[in-house]
Protein chains: 2
Amino acid sequence: MITHHHNQIRALIERLARLSESEDWAGELNPAQMAALSYLSNANRFSRAPSHVAAFSGSTRGTVSQTLRALERKGLVTEARSQNDRRSISYSVTAEGRDLAMSGKALDKAIASLPPDRVQALEQGLGDVLRTLLAVQGGRSFGLCRLCRHHERRGSAGYCHLLKVDLEPAETDQICHEQEPA
Amino acid sequence: MITHHHNQIRALIERLARLSESEDWAGELNPAQMAALSYLSNANRFSRAPSHVAAFSGSTRGTVSQTLRALERKGLVTEARSQNDRRSISYSVTAEGRDLAMSGKALDKAIASLPPDRVQALEQGLGDVLRTLLAVQGGRSFGLCRLCRHHERRGSAGYCHLLKVDLEPAETDQICHEQEPA
DNA sequence: TCCATTAGTAGCGAGTCGAAACTATTGCAA
DNA sequence: TTGCAATAGTTTCGACTCGCTACTAATGGA
């Protein structure tokens, strides 16, 4: 049974996202571009292809392809074709791109002004909702590498048993498109 | 200080909204149209003008003007010019529009599958975030009529001390653009 | 080797979006 | 009363999203 409380919460989530997106950096970037840039700046080197961005944002490869070209024209990302599989492309975020992605958003400040237990509860609740939604829609989780069932911690670094590669310390804190919660 | 937890939560909110928007009814309506339709179907008769939709969604009057005309072409809303102020227009949602707006969203179902205390915590946390964000950005709250400081309960009906009008029972549960939390 | 699959791109049409210019109406103040 | 300034909404413009349907190129399995 869906009560008006559940509607209310969806409305809140959608409105917050909309307000956050209609912020300052609008004019510079539009929501889709910012979402892609933000994803790319947190994704590991195995997860920066157009199809990954598309899967993450629930969009299509075609749409994302154009979004990424817009970002490239603006000098915020650079394209690099893969050696192994010459079909695939990996995008990297430039220094300017990273600055823009990391620039403080009003929504972050609003969240930061909450008491820690509220923040905790929010993270947990939203995480649960996301997991349930993905289970229904059949999407990937795009969680952090180090929280993956294929991840093995090795000191400050790590190892991926799925891709069979060593991981730098920083990489274990990035988003991976193959991630499956432990 | 903004920690990665706060970033995480913003990312969650934006991703949930994006996934929710890229749902089934896409093809029928796009996100902006659904957002406008959803707002209109919950707003009271004083709050259904283009400028109200614009303020609610953090958009502009110009953009919203086109969105509403698209909705009207699709037969989901109807326009009605006001007698008192002949500049202003109020849109009403048609029966089909209401059906579409009310149709079950996957995100609602995901939220409904949470334990009640989680739902409670989410509603509280997201509400706090929204209030803080609005305080910073200077937007209106667009809350429920009956939770307004100008509202006086009269049995199952009510009275608005700001607009000096009687309110039907159903109206006290709708969104008002003048709402200020009690 | 052949062909289905996968990764990405191109072009189309409807529509968003912000900005600026524009019309009509209203309200206030001299 | 006249005269503006403010307000409500629309229009137009250019850049872009978005889903779609083709399309190319590379890959990989039978």
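The sequence lines fix the lettering, A, B, ..., with proteins before strands; numbering per chain opens at 1.
Contact check, Arg69(B) against dT11(D): a side-chain N or O comes under 4.0 Å of OP1 or OP2. Proximity of Thr63(B) to the phosphate of dC17(C): no side-chain N or O atom is located under 4.0 Å from OP1 or OP2. Dashed line: the shortest gap from a side-chain N or O of Ser59(B) to OP1 or OP2 of dG18(C) is under 4.0 Å. One finds a side-chain N or O of Asn30(B) lying less than 4.0 angstrom from the OP1 or OP2 phosphate oxygen of dT16(C). Contact annotation: Gln66(A) side-chain N/O to dC18(D) OP1/OP2 distance is not under 4.0 Å. Considering only side-chain N and O atoms, Ser88(A) lies nowhere under 4.0 angstrom from the phosphate OP1 or OP2 of dT6(C). Proximity of Arg18(A) to the phosphate of dC17(C): a side-chain N or O atom is located under 4.0 Å from OP1 or OP2. Contact annotation: Ser51(B) reaches the phosphate of dG9(D) (side-chain N/O to OP1 or OP2, under 4.0 Å). Under 4.0 angstrom from either OP1 or OP2 of dC16(D) there lies at least one side-chain N or O belonging to Arg73(A).
One can place CD of Gln33(B) at 13 Å from P of dC18(D), the figure rounded to the nearest angstrom. One can place CD1 of Ile89(B) at 18 Å from P of dT7(D), the figure rounded to the nearest angstrom. Between the CD atom of Glu28(B) and the P atom of dG19(D) there is a distance of 14 Å, rounded to whole Å. Summarising the geometry, the separation between CD on Glu21(A) and P on dC17(C) is reported as 9 Å, rounded to the nearest angstrom. For the pair Leu29(A) CG and dT17(D) P, the interatomic distance rounds to 9 Å; values are reported in whole Å. For the pair Tyr91(B) OH and dA8(D) P, the computed distance is 15 Å after rounding to whole Å. In this entry the distance linking CE of Met34(B) with C1' of dT17(D) reads 18 Å, nearest Å. Rounding to whole angstrom units, CG of residue Leu71(A) and C1' of dT17(D) are separated by 13 Å.
Side-chain N/O atoms of Arg87(B) and base N/O atoms of dT26(C) include no donor-acceptor pair closer than 3.5 Å.
Side-chain contact annotation: Ser82(B) with Asp85(B), donor-acceptor N/O pair under 3.5 Å absent. A donor-acceptor pair shorter than 3.5 Å can be found between the side chains of Glu123(B) and His5(A).
Screening Arg140(B), His151(B), Arg149(B) against Glu180(B) for a side-chain hydrogen bond (donor to acceptor under 3.5 Å, both in side chains) leaves a single residue, Arg149(B).
Among dC18(D), dA8(D), dG18(C), the nucleotide with an atom closest to any side-chain atom of Thr60(B) is dG18(C). Among dG8(C), dT25(C), dT27(D), the nucleotide with an atom closest to any side-chain atom of Arg86(B) is dT25(C). Each of dT7(D), dG9(D), dG8(C) was ranked by its minimum atom distance to the side chain of Pro50(A); first place goes to dG8(C). The side chain of Arg61(A) sits closest to dG8(C) out of dT7(D), dG8(C), dG15(C). With dT25(C), dT16(C), dC16(D) as the candidates, the nucleotide lying closest to the side chain of Thr67(B) is dT16(C). In this structure, of dC16(D), dG8(C), dG15(C), it is dG8(C) that holds the atom nearest to the side chain of Ala49(A).
Across the interface with DNA chain D, nearest-nucleotide mapping of Leu68(A) and Asn84(A) shows Leu68(A) to be the residue nearer the 5′ end.
Inter-residue side-chain proximity for Leu40(B) and Leu68(B) is flagged as met; some heavy-atom pair is nearer than 4.5 Å.
Note: the hydrophobic cluster containing Leu107(B) does not contain Leu29(B) (ILVMFWY, side chain heavy atoms under 4.5 Å, direct or indirect links).
Within the structure, the ring pair (Phe, Tyr, Trp, His ring centres under 6.0 Å) test picks out the following pairs touching residues 106-147 of chain A (sequence neighbours left out): Tyr39(A)-Phe142(A), Phe56(A)-Phe142(A).
Residue-level contact check: Ala70(A) touches neither bases nor backbone, having no heavy atom under 4.0 Å from any strand.
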